[in-house]
Amino acid sequence: MEVEVRRARHARYLRLAAAHAGPLGPALPGHPELAPLYEKAYARCSGAPGLSCQGVGGEPRVCLVRRLEHLARSALRGGQRRRAQEREVVEGLLVCMAHLKDQFPPEFAPVLEATRSFLEKDLKYLQGEASPEVLLQDSS
């Protein structure tokens with residue numbers, strides 16, 4: 001079961017990274033019409049309050065994607081300390097998602113919502129509040 005959960009989390013984080021990685025990414029969750037808006041939306045954000053990017057800003061097409069890819073790689077490995085580190089990254093990404101919701105054009109709401117939804121489920125799993133089956137149901 002543990003191996004299945006690791007693989008499911010890995011696959012989901014890779015899909016989320018791909019959904020945010022380029023103009024065609026939003027087509028993965030079913031929104032190809034967003035491709036022309038990608039460059040402007042993902043080029044810059046002002047930085048989310050409470051995160052290291054606060055005040056200096058960042059490029060979501062780089063920082064968001066890299067954090068999701070980091071979680072994908074980390075998900076394949078085990079250990080309580082690693083899961084605690086992942087929990088911190090996921091909590092930061094949830095702050096990021098809330099901030100990007102205000103920064104991005106409203107058309108991107110479904111993509112951001114799909115990302116936020118999985119992050120919340122994964123956080124519950126990492127905190128021990130949800131069973132691994134919750135993640136396995138959404139892994140397809």
Side-chain angles (χ1 to χ4, degrees):
M1 173 78 106
E2 176 66 24
V3 171
E4 291 174 18
V5 171
R6 288 181 191 182
R7 287 180 183 160
R9 291 180 68 234
H10 172 76
R12 180 52 78 89
Y13 276 118
L14 285 180
R15 282 194 299 275
L16 289 175
H20 294 282
L24 298 179
L28 292 172
H31 298 283
E33 73 279 4
L34 298 178
L37 303 173
Y38 178 87
E39 283 301 319
K40 186 176 180 187
Y42 281 81
R44 177 130 177 84
C45 89
S46 60
L51 298 181
S52 60
C53 58
Q54 182 180 10
V56 294
E59 290 182 57
R61 66 179 163 214
V62 176
C63 58
L64 175 60
V65 172
R66 284 189 181 157
R67 284 189 259 166
L68 291 168
E69 289 171 340
H70 168 77
L71 283 168
R73 287 187 305 273
S74 183
L76 288 176
R77 298 183 176 99
Q80 289 181 341
R81 199 167 105 202
R82 180 172 299 278
R83 296 298 174 247
Q85 292 168 345
E86 289 174 358
R87 210 170 24 249
E88 289 179 27
V89 174
V90 171
E91 288 168 348
L93 280 170
L94 284 168
V95 171
C96 180
M97 288 294 103
H99 181 72
L100 290 177
K101 184 178 177 187
D102 296 335
Q103 300 280 306
F104 278 20
E107 295 86 357
F108 280 88
V111 177
L112 295 174
E113 176 59 28
T115 304
R116 185 199 57 77
S117 176
F118 177 74
L119 290 170
E120 286 179 349
K121 285 180 187 176
D122 197 44
L123 182 60
K124 286 183 181 183
Y125 164 72
L126 292 169
Q127 292 172 332
E129 297 174 10
S131 69
E133 289 82 21
V134 171
L135 298 176
L136 293 175
Q137 291 170 353
D138 289 343
S139 65
S140 54

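Grouping the Ile, Leu, Val, Met, Phe, Trp and Tyr side chains by contacts below 4.5 angstrom, directly or via other members, places V65 apart from L94. Under the 4.5 Å side-chain heavy-atom criterion for ILVMFWY residues, a single connected hydrophobic cluster contains both L16 and M97. Under the 4.5 Å side-chain heavy-atom criterion for ILVMFWY residues, a single connected hydrophobic cluster contains both L123 and V89.
You'll find the side chain of L93 stays beyond 4.5 Å of the side chain of T115, heavy atoms only. Looking at F104 and C45, their side chains never come closer than 4.5 Å, going by heavy atoms from C-beta outward. Using a 4.5 Å cut-off on side-chain heavy atoms (C-beta onward), E120 and K124 make no contact. The closest side-chain heavy-atom distance from E91 to Q127 is below 4.5 Å. The shortest side-chain heavy-atom distance between R73 and Y13 does not fall under the 4.5 Å cut-off.
By the neighbour-count criterion of 12 heavy atoms within 6.0 Å, atom CZ of R44 is densely surrounded, having more than that number from other residues, nucleotides or ligands. The number of heavy atoms from other shown groups lying within 6.0 Å of CD (E2) is above 12.
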Practice prompt. Quick one: do L71 and R67 satisfy side chain to side chain contact (heavy atoms under 4.5 Å, CB included)? Show the steps, please.
Written response: CA-CA 6 Å; L71 283 168; R67 284 189 259 166; 5.7 Å; no
Discussion item. Test side chain to side chain contact (heavy atoms under 4.5 Å, CB included) on E86 and R9; report intermediate values, then the result.
Written reply: CA-CA 11 Å; E86 289 174 358; R9 291 180 68 234; 2.8 Å; yes
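Residues S74 and H10 bring no donor and acceptor atom of their side chains to less than 3.5 Å of each other.
Under the 4.0 Å criterion applied to side-chain N and carboxylate O atoms, E113 and K101 are not assigned as salt-bridge partners. Residues E4 and R7 are not paired through a salt bridge, judged by the lack of any N-O separation under 4.0 Å between the basic side chain and the carboxylate.
Atom CG of L100 and atom CG of L64 lie 6.5 Å apart (nearest 0.5 Å). Atom CG of L119 sits about 9.5 Å away from atom SG of C96, to the nearest 0.5 Å. Annotation: the span from R83 atom CZ to D122 atom CG amounts to 8.5 Å, rounded to 0.5 Å. Of the inter-residue distances, the one linking R116 atom CZ with K121 atom NZ reads 10.0 Å to the nearest 0.5 angstrom.
Between the side chain of Q103 and the backbone N or O of H99, no donor-acceptor pair lies under 3.5 Å. R87 places a side-chain N or O within 3.5 Å of a backbone atom of L126 that can act as its donor or acceptor partner.
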Anything under 3.5 Å between a donor and an acceptor, one on a side chain of residues 26-38, the other on a protein residue two or more places apart or in another chain? List them.
unit_1	atom_1	unit_2	atom_2	d
H31	ND1	E33	OE2	3.2
Y38	OH	H20	O	2.9
Y38	OH	A21	O	3.3
Y38	OH	G22	N	3.3

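For Y42 and F108, the ring centers are positioned less than 6.0 Å apart.
P23 approaches E39 most closely through the heavy-atom pair CG-OE2, 4.2 Å.
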